[in-house]
Amino acid sequence: MPIERYRRLSRRELLALIGAGGAAAAVGCARDEPAAPAGTAGPAESGAPATSPASAAPIIRTILRDVAPGDLGEGAVLFHEHVSLNNQFWIDMNLERLIDPAQPYFMEDMDFMVAEMQAAAEDGIACIVDGGHTDMGRDIEFIRALSERSGMPIVASGGYYHEPTFTQHVYDRSEEELVEEMVRDAAAERWGAFGEIGFSSPSIPAERKVLRAVGRTHLRTNLPIFTHTANGVEAEEQLDLLEAVGVDPARVVIGHLGYPDVTVHADLCRRGAYVGFDRLGGQPEADAAQVPMVLALIEGGFTDRVLLASDFALPADTRGNGGPGYGKTITRFVPLLREAGVDDDTLRRITSDNPRRFLAFEPPDANS
Ligand SMILES: [Zn+2]
């Protein structure tokens, strides 16, 4: 999605906005202890059962297999990208100008996408989460074949996007019916997360119904949730709604929080949620504007709540078309953090530990 114009705030301004300083001591989620070692899912995130020897070990559910977080291999995990969209998606979004309707979308070209995944692996990407679902033109069998052929572990997601792509089905079904459908489809299609689940600005009743249904389906499946906001607006409303149906904020990423006028980041972190900077590696001015925001959160004690990704969607960004490729979060944005003084251990926690902890879950007892 195109990004709104950015105004760059200084780190001092941002620290003032998020109230950092006093924040770190006051927040339960401001953990400065060492990150969970590779192979664990950060028991504090998922509740006491993760530490119990009697409970199932947390896994990350990729489209091909369940994987222990430490067995994904070295490297970054991108929590919100797209590897399967089609032309109809852009038509539904009123963004036809971005496509050539005479050609299939590049994400429908298997050979092209296999090369993109392999280029991402060379850039240090260990796993990619696809944020699409059926109403966005996501093709689950394409994702399965892409992962098989490229060797890239891919987590498929499910749910519904937001108003521009909603079919009549979403309006016609009750919340309860949507829950039952998603419980069934999550198992049948091997979803590893719910996402991206969107709100318009302002949100409409059908979007709120979908998000409540996703929250309730999470309670049945334990799959983590990541959201789409209109550049951070409605972020608090989304978390309020998920909490109201019983979702632990530590299982949620509120997405698209790269907009500097949003001052809710620290509050979301204090409540236990992750904050997603997930449109990275694009316009240099947009990246530059987000560096002080991430620095402010690190300094505020929220390192373990920050997640990075690019929401990859456009052909010009592909390696095959001369762009930076799916690894652009790591190859373009992370170096800006390093130049700004963020040390390698902190970068590893953000790009590697945090997404693994977010994605890891204990599958509910199959008999329950
Ligand atoms: Zn989005």
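The figures here come from the full heavy-atom set of this structure, side chains too, leaving out hydrogens, waters and symmetry mates. Ligands are counted one by one from 1 in listed order, and the atoms in each one are counted from 1 as well.
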Exercise. Which single N/O/S atom of H228 lies at minimum distance from the Zn ion (ligand 1)?
Worked result: ND1
Exercise. Tell me, which N, O or S atom in E196 is closest to the Zn ion (ligand 1)?
Worked result: OE1
Problem set entry | Ionic contact status for E116 with R319, cut-off 4.0 Å | no
For this session: Carefully, step by step, assess R332 and D287 under the rule salt bridge (Lys or Arg N to Asp or Glu O under 4.0 Å).
Result: CA-CA 9 Å; R332 284 192 165 179; D287 275 358; over 6 Å; no
For this session: Assess the side chains of E196 and H133: does a donor N or O sit below 3.5 Å from an acceptor N or O?
Result: no
Exercise. Going by distance alone, is a donor N or O of one side chain under 3.5 Å from an acceptor N or O of the other, for R305 and N354?
Worked result: no
Problem set entry | H256 backbone or side-chain N/O/S under 2.8 Å from the Zn ion (ligand 1) | yes
